[in-house]
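Just below is one structure, and these are the notes that go with it.
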Amino acid sequence: MAKKLCKQSQNFSEWYNGVVLEAQLADYSGVRGCMVIRPYGYELWENMQRVLDGMFKETGHQNAYFPLLIPESYLKKEAEHVEGFSPELAVVTHGGGKVLEEPLVIRPTSETIIWSMYRKWIMSHRDLPLLYNQWANVVRWEMRTRLFLRTTEFLWQEGHTAHATDSEAQEETMRMLGVYKTFAEEYMAVPVLVGVKSDAQKFAGAVRTYCIEAMMRDRKALQAGTSHNLGQNFAKAFDVTYQDADGSRQFVWATSWGVSTRLIGALVMTHGDDRGLIMPPKLAPIQVVFVPIYRSDDEKSAVLAQCQKLLGEAKAAGLRVHLDDRDQMRPGWKFAQWELKGVPLRIELGPRDLQKQQVTLVSRLGGQKTPLPTDGLAQLLLQKCDEFQDALFQRALEFREEHTYEVDDWADFKERIRQPEGFLNCHWDGTAETEAAIQEQTKATIRLIPLGDDAREGRCVYSGKPSSKRVLFAKAY
RNA sequence: CGGGGCGUGGCGCAGACUGGUAGCGCACCUGCUUUGGGAGCAGGGAGUCGGAGGUUCAAAUCCUCUCGCCCCGACCA
């Protein structure tokens, strides 16, 4: 545990792996590409789940659960869908010691099995909208994996909704995109850009894919969530129709949207520094850690008694707090340890503090020690958490803005993307050929096409052809 | 799938070229001293060296095969 982390500036990948392992968010398992989420990481995920789940319920959704195993034939019903997913499927061929008549796919996503059921449940316009979500694991056989960012099995939620009209489906798609943006920014303190994916980047089977995109501290982009307008693609593939008020039969309109444990990777790479993680207070498993300091047994009992008292008050105020009363570690070791784990606030409490009726507060952002009175400490800590949350968001936002550029010259583009220097807003002629050429030459992709119609004419950074708006280019995870 | 790396006490590694009683650091246990930025000393426990064959009087070390994981690239949330 005393191992030094790699510096971000030296090797960001190595730093990332080191933080995730050392902070005990996760560990490698014996299966290639699969990880174990350890309690500290899982608690973070549970906190994310709780907030998101509340937001889904708030917007009218209900949770359900669909099977892990999907008949292979279901996947094949939607042409683009099967084409997109078939390379990364895990397939069960045997069951109960016998070869199965039809292989079962371990879900890479659940559109097909869900729409096979929606066909059964949707008869009338009165059955719509159907607003379901499920929390589940999915498996995608990736060639290359990375803790939290891309693992063979991962945890996520997938919302699947059915609507009577295209405009309702579009409204739902945008609503959930908004939910994701709100969650990322207000809870994770991760600023995100929203937009629509180019055709090359959209979900297999979607009409349009919207996304939230964040900048990591190595200035690369990470897709942190997607919301798809599926049009009538799945309704047609699974023959899901409803009878309208006027008696006519119509295909249903669909959306799906999801975020995954990848968000944990986003959080780590947006906020972390050379000392380790930095957790946003609203999601941190531990918001305040108490580290007692003492020499003699007398001091110890007095200090611990005071800690317990303050701890109780903090808990009563709704704070997630922890007292590190392990006797075998010295304070300095504990400081480093809790900083590695990203606990936002640390309270040091020793004999000197006891005398002055105070505690010593140290923020994970900054690190200077400031005395706080013990009177009304809990309220002060709540306030400090809010300030921390805001400061963390501001810091990330400033970082992104400092590394976002408008680029109009192709040579300049190639130069800036090499390091990479960050996000490049550029005019694009809208063709897949140009998009592919840019990716081939620079490894940068179109992360998103901004929403809204703030059209400003220009010329494509690559082809020089006319363009009506800038799109976001970046190297991405 | 290509390229690279690694498999030796719980963790991180050395030992291998040149075969000869398996070692170091951290962690762990005991004791004493310590405790406001990763403690010190003393003592102690723990490894059939990824697996299978082979060469040899003798293999962690040499040969053959094999399994697994990680990293870097092509595909992807």
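In what follows, chains carry the letters A, B, and so on, assigned in the order in which the sequence lines appear, proteins first and then strands, with residues in each chain numbered from 1.
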Can you check the [X] [atom1] to [N] [atom2] distance for me, whole Å?
{"X": "A:Asp327", "N": "B:rU33", "atom1": "CG", "atom2": "P", "answer": "13 Å"}
{"X": "A:Asn17", "N": "B:rC6", "atom1": "CG", "atom2": "C1'", "answer": "15 Å"}
{"X": "A:Arg140", "N": "B:rC76", "atom1": "CZ", "atom2": "C1'", "answer": "8 Å"}
{"X": "A:Ile293", "N": "B:rU35", "atom1": "CD1", "atom2": "P", "answer": "12 Å"}
{"X": "A:Asn11", "N": "B:rG4", "atom1": "CG", "atom2": "P", "answer": "19 Å"}
{"X": "A:Arg326", "N": "B:rU35", "atom1": "CZ", "atom2": "C1'", "answer": "14 Å"}

So if I take every side-chain heavy atom of [X] and compare against [options], which nucleotide ends up nearest?
{"X": "A:Arg275", "options": "B:rA77, B:rC76, B:rG37", "answer": "B:rG37"}
{"X": "A:Asp353", "options": "B:rC76, B:rC70, B:rG36", "answer": "B:rG36"}
{"X": "A:Val362", "options": "B:rG37, B:rA77, B:rU35", "answer": "B:rG37"}
{"X": "A:Ser13", "options": "B:rC76, B:rG38, B:rC72", "answer": "B:rC72"}
{"X": "A:Gln223", "options": "B:rA77, B:rG36, B:rU35", "answer": "B:rA77"}
{"X": "A:Gln337", "options": "B:rC72, B:rG38, B:rA77", "answer": "B:rG38"}

Distance under 6.0 Å and angle within 45° of the ring axis: does A:Lys341 meet both against A:Tyr40?
yes
Q) Is the NZ or CZ atom of A:Arg217 positioned over A:Phe399's six-membered ring, under 6.0 angstrom from the centre and within 45° of the axis? A)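 Yes, a cation-pi geometry holds between A:Arg217 and A:Phe399.
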Paired nucleotide for [N] [Watson-Crick or G-U wobble; both distances under 3.5 Å]:
{"N": "B:rG73", "result": "B:rC1"}
{"N": "B:rC24", "result": "B:rG12"}
{"N": "B:rC62", "result": "B:rG54"}
{"N": "B:rU30", "result": "B:rA42"}
{"N": "B:rG47", "result": "none"}
{"N": "B:rG19", "result": "none"}

Query - B:rA77 to B:rU8 separation - P atoms, rounded to the nearest Å - result: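 Here B:rA77 and B:rU8 have their P atoms 36 Å from each other.
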>> Rounding to an integer number of angstrom, what distance separates B:rC32 and B:rG19 when you compare their C1' atoms?
In response: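 Each nucleotide's C1' atom is 45 Å from the other's.
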- Query: Do the side chain of A:Arg330 and the base of B:rG40 come within less than 3.5 angstrom through a donor-acceptor pair of N or O atoms?
  - Reply: no
| query | Does a side-chain N-to-carboxylate-O contact under 4.0 Å join A:Arg219 and A:Glu421? | reply |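 The answer is no: the pair does not qualify as a salt bridge.
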Should the pair A:Phe154 and A:Trp156 be assigned to parallel (<30°), tilted (30 to 60°) or perpendicular (>60°) ring geometry?
perpendicular
Note: A:Val91 and A:Pro103 closest approach over all heavy atoms is CG1-CB, 3.5 Å
